[in-house]
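Below, chains carry the letters A, B, ... as their sequence lines are ordered, and counting in each starts from 1.
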Amino acid sequence: VNAYDKLLEWASEVGNGSWQSWRDAAAYLDVNPDGAAQSLGALGHVEFDWLRNRFAVAPSTAVLTLHSSSCLLLTGARRRGVREQLKELDATDEYGIVLREPVVQQEGPETWLVQADVDEMQRFASDAGFGFEIDSGRRMLEALPPATLEACAERERPDDRFARMWLNPKSRFWNTNANPSTDGLWWVDEPRRDIAFIRQEAEWYRVTTREYGPYLAYPDQSFITYNSVLGILTVDNEAPLPPLVARAATLQSGRLASRERTRHSYVNIDEPLADLIAEKLNAYVRWM
Amino acid sequence: MTSADRLRLWSAELFRALLPAQDVPGTPVLLACDDETIRTVAERLGLDYPDPSIQFGRDVAVAFQVGLRSGWKTVVCGPWEKAAPPRELPVFFPVLCLWVLAATRMAPDEKHPTMEYHGRLCELVGVPGDDSLECFNFIGPRFRDFAEWLEQDMQGRHGHLIVPASPHPAHVGFAVEQTVFRLRDRQVLSVFFTERLRGSLDGFDPLRRLQRWSGRGQLTGHALRIVENPQFEDRVRAAIRSAFGSWDGAELVETSSGRLGRVWPAYVRLRPQPIPRLQFGAGNQKPVEFTLEGEAHELDVDSEIELPWAVLARLEHRSVDLGDPRSPSGGVRLPRLGSTIIFENTDEGLLQVERPAAEKVWVLTHDGALQEQLKQRRFNDGGALPFGWELFFNVPVADLPGVSRAPVADAVQTPLRLEGGLPLGRPRYLSGYPPFLVAGDLETSAHLPVRVNDQQHGYISSGGRLPLPDTAGRYDVEVGEGDFRVSYDIEERGEPQEELLWHELDGEHALRRGARPAEGDETSTRVCGAALLPPFAGALPFLTSVRCNVESICANGGLVAHARPSTPAWFKEVGLDGDGRWWELLCGEEIMWVLMPPAGGKPRVRMLVDRPLAQLEPDAADRVRELGEDVQFVGANGRDADVRGRWLELVALARGAKGGAAA
């Protein structure tokens, strides 16, 4: 059990709260609040309303994902004692399930997997107090509209009380000293979180879900690489996937993207899903 | 509006300001009405007078017909006592306030000796002379009446008024003893409040904080003697609370005329882009007019104006006051900024701070050595900065000589507080994750004892951090001799309120909205965590654990080959790489039969749906004919005969389909 598990347990016990309370709890547990929000959001445990600055835990859900050896991924709320309840259910032998040992991850809570017979999955999920979903990551991605500037951004100037920096698409460096009238993606350093703005032909657009920023500002740049043999989708750190796209990718395995120095990789991504991600982001994905 | 109308307003608002409801009924209180209280109350009532205290005095005089002959007769002979309890706020309440107000003005001035009371009271009510007016000797009974009303009719909710049994001087003493702080003391207190009590008094003993404050020596001798006398502790606490209640955030300053004026401490903001500039604002409650660098300005409420770069030189060594502190709106005080100015990113943008809490800051400096040291982080100012000054971004505080990080942001710095823990709604915490007791600057080198539920728990000193109990229960924490008190609860479980946040995926704003509470059409496509609406309506995938490639015959009669995938690398990470790995057969149609190669014997087939097929595609028919009737049935679960019957039907269908005709 690591700090992220504790944060999830607390979020589940409190149900919902302000961003400030999330930030305080994360600080108490010595984890980065933004990183924790990103991780727990990608895993489908917690949702964030950035307009009202609130978080709320998501309903407990058992997700059957493909290519995962008939495993249900248990996500959403994890109240205190729920693991013990699952063990008790497992011990009854009334279900054809194998409650697998929790698998730790570095920057997120444990992955909880239950191997189950397809016929038994629904009954088990229901008796354990979990909703039941089939491949919901892929389904949410299918339902997501494709990204365009019109769909993702609204015309608005950055608040000049805060400093901003420009993403150089070639060097991939953020530049605080860039010419203020340069077109492209600007990151405004607001205290709650950085906000993405796109400057295009002297007009400013606020990208409300900031992760779409790099893909909209630099559509000719490739931020994503896909290895179809290994089923691994690798994303440059400057252009993390938007929350629901990241969730769709993460729910394929229950594992957070593994981090290297300049990029991070999602596992268990099949070809149709990689195609779907490229389509929904309108992104140039390099195939290997 | 008549004087009587105004007096009703004065009376109600003064009661609210001076005697607010107390957390603990019966808390000792004073009626500490002074010029600052009257000014604050006048502002709240929207009464705009050059000298609100004089206006208040005149209103009392008119409403109660106070004069040289009548004196205070009307005040003492009203019908108030006869009314049935609970009685309304006594009509003479504003008179008590006025009597105390006159006592707070007992300080050296050009008209009266310090100890002169009646002359100051007469001045307030507009009566010539300095003699005691008729019926003033009823002041004692009226204070006692009021104390009785607070205790009986208000049941002590607004406190217990401290009324001296035998005051000195005989009658005036009743008013004098309601006061601890004189006008000059209010000036010192405003500095104390600015420096030490920016947040709130919650949990703190204000007397202990004042006694530890190094600036307390500036108080008048009268106030200092009372503050340091253990006999008057309750009185002083009540007086500080009262003064704090009417403090509006301005610092009181002595003006050239000897009277007090007010200045609003200004904050300074850096706006770095598109070209750097400085701005300032203050908490002023009315527009403040002033001249800066030869230009007339007006600083509106909640607004900011640009700070000319030329002023930086003046602010290097001292603060600069703008506007007229004696005016009703007061003046503005720009802080001394020094030669290196630190800006911290806050919710309100980049604001100048003395001690930043953040790890990285922006720095504006004309210190040549520091400029050389920070040159990697120099901001391109486009030539906007004055000669010699340079701006730097994202500078680690650790790189700034002589600057240490504050443990918490300026705005919330308090000497003692509960911090951390995993709250279930304050002051409740989840068991195992209790708060810490954290000390800032306690202004003493002593280690203060900490008691929890009346048991010694530990000691805390400046900058200390003490873990508190973490098991379920209620805890009352007391630091020192009641310097700070706070309570909290620890619980095993929370009571989570369900408030689901959904991503609505329909409509043109789907990618702009983010997660929100559900609204509108319940049939819309939406996501919360891993839950998706509308629910999945397709068929469950078929999973198999066979260790070879297989083929399937689907509902449309097609043959689909399924290659068993190799074990992905991530299976090892999650422990799924052992025996018995399952995999899905996916073909977009309902799978009817699974065909498997022999495992040391006959070819194997498995029926998934007990339904005849209407047709077979040529390749499917070829495969079924190839397998023939002599196959092994798996997964029949005791229904071997039924399954065999279906398979023979399928073989017959395949044989019939040889010429291309469907059965």
Visitor: Ring centres of A:Trp19 and A:Trp50 under 6.0 Å apart?
Guide: yes

Visitor: Using the ring centroid of each side chain, check whether B:Trp362 and A:Phe162 are separated by less than 6.0 Å.
Guide: no

Visitor: Is it the backbone or the side chain of A:Phe48 that comes under 4.5 Å from a heavy atom of chain B, or both, or neither?
Guide: backbone

Visitor: Give a yes/no verdict on a cation-pi contact between B:Arg377 and B:Phe393, requiring under 6.0 Å between NZ or CZ and the six-membered ring centre and an angle within 45° of the axis.
Guide: no

Visitor: Which atoms of A:Ala163 come close to chain B, meaning under 4.5 Å heavy atom to heavy atom: side chain ones, backbone ones, both, or neither?
Guide: both

Visitor: Measure distances from A:Arg100 to the heavy atoms of chain B and classify the residue's part below 4.5 Å as side chain, backbone, both or neither.
Guide: side chain

Visitor: Is chain B contacted by the side chain of A:Val103, its backbone, both, or neither, given a heavy-atom distance below 4.5 Å?
Guide: side chain

Visitor: Does the pair B:Arg493 and B:Ser431 meet the rule for a side-chain contact (heavy atoms from CB on, under 4.5 Å), with working shown?
Guide: CA-CA 8 Å; B:Arg493 310 274 311 246; B:Ser431 63; over 6 Å; no

Visitor: Tell me which of these, B:Leu500, B:Leu351, B:Asp506, B:Thr525, has more heavy-atom pairs under 4.5 Å with chain A than the rest.
Guide: B:Leu500

Visitor: B:Pro568, B:Ser545, B:Pro541, B:Ala510: which one forms the most heavy-atom pairs within less than 4.5 Å of chain A?
Guide: B:Pro541

Visitor: Counting heavy-atom pairs under 4.5 Å with chain B, which one of A:Pro145, A:Gly81, A:Ser12, A:Pro180 comes out on top?
Guide: A:Pro145

Visitor: Under a 4.5 Å cutoff for heavy-atom pairs, which residue among B:Gly514, B:Pro496, B:Pro435 has the most contacts with chain A?
Guide: B:Pro496

Visitor: So, do B:Thr544 and B:Arg606 sit near enough that their side-chain heavy atoms are less than 4.5 Å apart?
Guide: no

Visitor: Which is it for A:Trp166 and A:Trp174 under the ring-ring contact (aromatic ring centres under 6.0 Å, His included) test, yes or no, and what are the steps along the way?
Guide: CA-CA 5 Å; A:Trp166 175 74; A:Trp174 291 100; 9.0 Å; no

Visitor: Among A:Ala151, A:Ala25, A:Gly231, single out the residue with the greatest number of heavy-atom pairs under 4.5 Å to chain B.
Guide: A:Ala151

Visitor: Can you tell me which portion of A:Val46 sits under 4.5 Å from chain B's heavy atoms? Options are side chain, backbone, both or neither.
Guide: neither

Visitor: Given a strict heavy-atom distance threshold of 4.5 Å, which part of A:Val63 is in contact with chain B: side chain, backbone, both, or neither?
Guide: side chain

Visitor: Heavy-atom distances under 4.5 Å only: say whether A:Arg139 touches chain B with side chain, backbone, both or neither.
Guide: both

Visitor: Heavy-atom distance under 4.5 Å to chain B: side chain of A:Ala153, backbone, both or neither?
Guide: backbone

Visitor: Check each of B:Glu306, B:Glu348, B:Glu304 against B:Arg271 using the salt bridge (Lys or Arg N to Asp or Glu O under 4.0 Å) test, and report the only one that passes.
Guide: B:Glu304

Visitor: Verify whether the ring centers belonging to A:Phe55 and A:Trp22 lie closer than 6.0 Å.
Guide: yes

Visitor: If you tally heavy-atom pairs under 4.5 Å against chain B, which of A:Asp160, A:Thr61, A:Thr208, A:Val14 wins?
Guide: A:Asp160

Visitor: With respect to chain B, which residue among A:Cys71, A:Ala58, A:Ser68, A:Gly17 yields the maximal number of heavy-atom pairs within a distance under 4.5 Å?
Guide: A:Ser68

Visitor: Against the six-membered ring of B:Trp570, is A:Arg255 placed for a cation-pi contact (under 6.0 Å from the centre, within 45° of the normal)?
Guide: no

Visitor: Only pairs of heavy atoms separated by less than 4.5 Å count here; which of A:Arg206, A:Met121, A:Arg52, A:Gln122 has the most with chain B?
Guide: A:Arg52

Visitor: Checking heavy atoms, do the side chain of A:Leu73, its backbone, both or neither come under 4.5 Å from chain B?
Guide: neither

Visitor: Quick check on the interface: out of B:Pro517, B:Ala530, B:Gly507, who has the most heavy-atom pairs with chain A under 4.5 Å?
Guide: B:Ala530

Visitor: Rounded to the nearest 0.5 Å, what separation is found between the CZ atom of B:Arg277 and the CG atom of B:Asp381?
Guide: 13.5 Å

Visitor: Which region of A:Arg247, side chain (C-beta onward) or backbone (N, CA, C, O), has a non-hydrogen atom less than 4.5 Å from a non-hydrogen atom of chain B, or is it both or neither?
Guide: side chain

Visitor: Tell me, with the steps shown, if B:His562 and B:Glu584 meet side chain to side chain donor-acceptor pair (under 3.5 Å).
Guide: CA-CA 9 Å; B:His562 303 274; B:Glu584 302 88 9; over 6 Å; no

Visitor: Highest number of heavy-atom pairs under 4.5 Å with chain A: which of B:Asn394, B:Val574, B:Ile275?
Guide: B:Val574

Visitor: Does B:Asn380 offer a backbone N or O that forms a donor-acceptor pair with the side chain of A:Asn177 under 3.5 Å?
Guide: yes

Visitor: Sort A:Thr65 into side chain, backbone, both or neither according to what part of it lies under 4.5 angstrom from a heavy atom of chain B.
Guide: backbone

Visitor: Can A:Lys280 and A:Glu142 be said to form a salt bridge (charged side-chain N to carboxylate O under 4.0 Å, His left out), step by step?
Guide: CA-CA 8 Å; A:Lys280 298 298 181 178; A:Glu142 283 167 349; over 6 Å; no

Visitor: Contact part of A:Leu43 toward chain B, heavy-atom cut-off under 4.5 Å: side chain, backbone, both or neither?
Guide: neither

Visitor: I would like to know whether A:Ser70 and A:Gln115 meet side chain to side chain donor-acceptor pair (under 3.5 Å); could you show each step before the answer?
Guide: CA-CA 6 Å; A:Ser70 191; A:Gln115 233 165 349; over 6 Å; no

Visitor: What part of A:Thr75 is in contact with chain B, defined as an atom under 4.5 angstrom from a non-hydrogen atom: side chain, backbone, both or neither?
Guide: side chain

Visitor: For chain A, which candidate among B:Gly425, B:Pro565, B:Gly420 shows the most heavy-atom pairs at distances under 4.5 Å?
Guide: B:Gly420

Visitor: So for A:Tyr212, is it side chain, backbone, both, or neither that comes closer than 4.5 Å to the heavy atoms of chain B?
Guide: side chain

Visitor: Looking at A:Glu156, I want to see if its CD is surrounded by more than 12 non-hydrogen atoms of other residues, nucleotides or ligands under 6.0 Å.
Guide: yes

